Amino acid sequence: MTVRVRFAPSPTGFLHVGGARTAVFNWLYARRAGGTFLLRVEDTDRARSRPEHTQAILDGLAWLGLDVDEGPVFQADGVERHRRDALHLLGQGAAYRCFCTAEELAARREEAKRAGSGYGYDGRCGRLDDAASDARADAGEPFAIRVRAPREAIGWEDMIHGPMSFLAGSIDDFIILRSDGTPVYNLAVVSDDAEAAMTHVIRGDDHLSNTPKQILLYRALGRPLPAFGHVPLILGSDGKRLAKRHGALSVLAYRDEGYLPAGIVNFLALLGWSPGDDREVFDVGGLIEAFSIRRVLKKSAVFDLEKLGWLNGRHIADAPAAGLSGAVVDILGREARDEGRDLTETHPGLENSPERLARIIDLVKGRPRTLPALARQVSPFFAADIRYDEDAVKRFWKRPEETSFHLRRLAERLAGEAAFRDVQTLESEVRGLAAELEVGAGRVINPLRVALMGQGVSPGIFEVLEAMGRERSLARVRAAARTLDARVATA
RNA sequence: GCCCCCAUCGUCCAACGGCUAGGACACCACUCUUUCAAGGUGGAGAUAGGGGUUCGAUUCCCCUUGGGGGUACCA
């Protein structure tokens, strides 16, 4: 039998990281098994469901690269079938009409709570004889439909938790069809999963206590049971269930902050799962190959932004330059527009020299953790004018007078080079100057880095000189000297 | 209240019932006499507590504690 799994979010919000991880596990399971991954939008809560949320979920999955084989199907489209299933159960005697009103039930629950006891439905309407029930229904009295919960314990073999069991009597006769004729969640899920022939239901731990209710519905309906697997929840740094206050939660927010889908998927997969050895950096293909639902933990995991950053950095470093250049152009272009300028103005040549851009990206991509950080490293190689980072200036341009002098001497010396083609030569020139000046090489190199990059971080400075080229490098060094002179004058 | 789940460094993961409890992120130090958001080396850092079972328990069982989920005519 081929594997059929589904991801079934409610369109009541965006695709958040918790949902995304459930989707990742389902998708990985399907891909690993050569099965089918279905998307079902559980939109039966009309009050909270919104079409734009459905779109956001679709966009989120697409961005992550979790391609859907079937669907999206919408739960609301199955309402007629849900109703038929409820009525079928009623006809079979596996369910009964309940004439208790919502108000009565709330009052009884309140009272039970006050008395400090449990408050499952007492089954009183289930004891009505058929004639009485029919008469009241015929008289037009509104009713909901409840299933008759079995008296024995309900258990199953969970793919993640192993043997699971709920005590006899711990499940009450719950409502499956409201008095307005609309189905309740547990019925809709079972009806839909059975209809779509799901073989495995992999979902969050929060559904653990729904499972026995659903199992009894499968049995009552005479439908084959899927295998269940309940993946642990993701917690915030305070150990509480991940919520909005823990920060950016929509996966698209991570996209906007410059994370790579491969980095997010890798990170999410590692939350509650490991291949069993020390490997941590995986591309998507590697994840599919290594994934096993048996190795998913029972324990909930805390979302650690630091580790996501590190992992994303690894993915940026591993990504081919061609796959990164579009993002760099976009980011720098957006920044230019924010200043009311144009990219051809702020970064001339960036868009029409793809080979040079690729070379620069390959040079700098080992360090940054996000796309904007990558763009910041690329920027100086194309920027029409340099901007000096406050902290870098404070740290490496501490002696403006001396540094200005050093930089001028360096410019003179480097100007003797016809072309900046050889990294070794460049290095010996810079070191030679430092020796001549009788200062440590770092005393020249660090200020030079700020002059060229405007930042305190860069690849090896000699590679930077070479990649930046003769004209631009000399211009930057001279401009830095002028800037420093101006500072001395105003000081 | 009742039902259910969970418990290894701060965090994410390892450890057929058997080496000194291992790796990663973060942190600290050193290093790359060139920066760090990169690399390398080293360091600190955990089996929640108590009982069992066993020659031997992170591992199996029980209790306690702690955390989480559910307990709707929400999904």
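Here is how names work: the chains are called A, B, and so on, in the same order as the sequence lines, proteins then strands, and each is numbered from 1. In this text the structure is predicted, and so the values were computed from the model without any measurement.
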S.K.: What is the separation between atom CG on A:Leu270 and atom C1' on B:G23, rounded to the nearest whole Å?
M.R.: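 Whole-Å distance recorded here is 12 Å.
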S.K.: Nearest heavy atom decides the nucleotide; on that basis, is A:Ser179 or A:Leu297 closer to the 5' end of RNA chain B?
M.R.: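 It is A:Leu297, whose closest nucleotide lies nearer the 5' terminus.
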S.K.: Among B:A72, B:A75, B:U71, which is the nearest nucleotide to the side chain of A:Asn186?
M.R.: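 Side chain of A:Asn186 sits closest to B:A75.
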S.K.: Are A:Glu427 and A:Arg431 close enough for a salt bridge, meaning some N to O gap below 4.0 Å?
M.R.: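 Salt bridge present between A:Glu427 and A:Arg431.
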S.K.: Quote, to the nearest angstrom, the P distance that separates B:C30 from B:C36.
M.R.: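 It comes out at 12 Å once rounded to the nearest Å.
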S.K.: State whether a side-chain donor-acceptor pair under 3.5 Å links A:Asp158 with A:His230.
M.R.: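 Yes, a side-chain donor-acceptor pair sits under 3.5 Å.
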S.K.: Parallel under 30°, tilted from 30 to 60°, perpendicular over 60°: which one fits the rings of A:Tyr254 and A:Tyr259?
M.R.: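 It falls in the perpendicular class, over 60°.
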S.K.: Measure from NE2 on A:His207 to P on B:G69 and round the result to the nearest Å.
M.R.: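 Result: 13 Å.
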S.K.: Please give, in whole Å, the distance from B:U35 C1' to A:Tyr388 OH?
M.R.: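 In whole Å, B:U35 C1' lies 17 Å from A:Tyr388 OH.
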S.K.: Send over the distance from A:Asn210 CG to B:C5 C1', rounded to a whole Å.
M.R.: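 That distance rounds to 14 Å.
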S.K.: Quick one about A:Asn210 and A:Tyr185 (side-chain donor to acceptor, distance below 3.5 Å, no hydrogens or angles considered), yes or no?
M.R.: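 The answer is no; no qualifying pair exists.
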S.K.: Checking contacts here: which listed nucleotide (B:A75, B:C12, B:C73) is nearest the side-chain heavy atoms of A:Glu42?
M.R.: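 Of all the options, the side chain of A:Glu42 is nearest to B:A75.
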S.K.: Return the minimal non-hydrogen interatomic distance between A:Pro447 and A:Thr403, and the atom names on each side.
M.R.: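 Heavy atoms only, the tightest pair is CB-CG2, 3.5 Å.
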S.K.: Picking from B:C25, B:A75, B:U35, which would you name as closest to the side chain of A:Ser10?
M.R.: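 Comparing B:C25, B:A75, B:U35 against the side chain of A:Ser10, the answer is B:A75.
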S.K.: From the set B:U34, B:C73, B:G70, return the single nucleotide nearest to any side-chain atom of A:Ser209.
M.R.: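 Side chain of A:Ser209 sits closest to B:G70.
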S.K.: Picking from B:A37, B:G23, B:C73, which would you name as closest to the side chain of A:Lys307?
M.R.: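 Nearest listed nucleotide: B:G23.
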S.K.: What dot-bracket string describes RNA chain B from 5' to 3', counting Watson-Crick and G-U wobble pairs whose defining distances are under 3.5 Å, with [ ] for crossing pairs and | for pairs to another strand?
M.R.: (((((((..((((....[...)))).(((((.......)))))....(((((..]....))))))))))))....
S.K.: What integer distance in Å separates A:Phe291:CZ from B:C13:P?
M.R.: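 Rounded to the whole Å, the gap is 13 Å.
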S.K.: Are any of A:Arg109's side-chain N or O atoms less than 4.0 Å away from OP1 or OP2 of B:C73?
M.R.: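 Answer is yes, contact under 4.0 Å.
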S.K.: From the set B:C6, B:C4, B:C25, return the single nucleotide nearest to any side-chain atom of A:Met164.
M.R.: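 Closest nucleotide among those given: B:C4.
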S.K.: Among the candidates B:U34, B:C5, B:A75, find the nucleotide nearest to the side-chain atoms of A:Ile461.
M.R.: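 Within the option list, the nearest is B:U34.
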S.K.: Mind calculating the distance between CD1 (A:Ile234) and P (B:U11) to the nearest angstrom?
M.R.: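 In whole Å, B:U11 P and A:Ile234 CD1 are 16 Å from each other.
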S.K.: Tell me the closest heavy-atom pair linking A:Leu324 and A:Ile316, and the distance in Å.
M.R.: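 So the minimum-distance heavy-atom pair works out to CD2-O, 3.6 Å.
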S.K.: With sugar-phosphate meaning primed atoms plus P, OP1 and OP2, does A:Ala441 contact a base, only sugar-phosphate, or nothing at under 4.0 Å between heavy atoms?
M.R.: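 Result for A:Ala441 = sugar-phosphate.
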S.K.: Using the P atom as the reference point in each nucleotide, state the distance between B:C28 and B:G22 in Å, no decimals.
M.R.: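 Each nucleotide's P atom is 23 Å from the other's.
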S.K.: Please tell me which of A:Gln377 and A:Lys299 maps to the more 5' nucleotide of RNA chain B, matching each residue to the nucleotide holding its nearest heavy atom.
M.R.: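 Nearest nucleotide further toward 5': that of A:Lys299.
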S.K.: Kindly state whether the ring of A:Phe303 and the ring of A:Phe267 have centres lying under 6.0 angstrom apart.
M.R.: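 They qualify: ring centres under 6.0 Å apart.
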S.K.: Any side-chain N or O of A:Arg97 below 4.0 angstrom from OP1/OP2 of B:C73?
M.R.: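 No, because none of the side-chain N or O atoms of A:Arg97 sits under 4.0 Å from OP1 or OP2 of B:C73.
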S.K.: Using atom names, set out every protein N or O paired with an N or O of nucleotides 38-48 of chain B below 3.5 Å, distance rounded to 0.1 Å.
M.R.:
none

S.K.: Write down the atom of A:Ile176, the atom of A:Ala95, and the distance for their closest heavy-atom approach.
M.R.: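 Smallest interatomic distance, heavy atoms only, reads CD1-CB, 4.3 Å.
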S.K.: Could you tell me how far apart A:Arg83 (CZ) and B:C73 (P) are, to the nearest whole angstrom?
M.R.: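 It is 18 Å, rounded to the nearest whole Å.
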S.K.: Among B:G23, B:A75, B:U35, which is the nearest nucleotide to the side chain of A:Val457?
M.R.: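 The nucleotide sitting nearest to the side chain is B:U35.
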S.K.: Identify whether NZ of Lys or CZ of Arg in A:Arg32 sits under 6.0 Å from the centre of the six-membered ring of A:Phe291 and within 45° of that ring's axis.
M.R.: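 No.
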S.K.: Between B:G69, B:U34, B:C36, which one does the side chain of A:Arg395 approach most closely?
M.R.: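 Of the candidates, B:C36 comes closest.
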S.K.: For RNA chain B, determine which residues of residues 273-283 of chain A have any heavy atom closer than 4.0 angstrom to one of its atoms, and list them numerically.
M.R.: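 By residue number: A:Ser274, A:Gly276, A:Asp278, A:Glu280.
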S.K.: Please state how far atom CG in A:Asp172 lies from atom C1' in B:G1, giving the value in whole angstrom units.
M.R.: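 So the CG-C1' distance, A:Asp172 to B:G1, works out to 15 Å.
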S.K.: Tell me whether A:Glu466 is salt-bridged to A:Arg359, with the criterion being a basic N under 4.0 Å from an acidic carboxylate O.
M.R.: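 Yes, charged N to carboxylate O under 4.0 Å.
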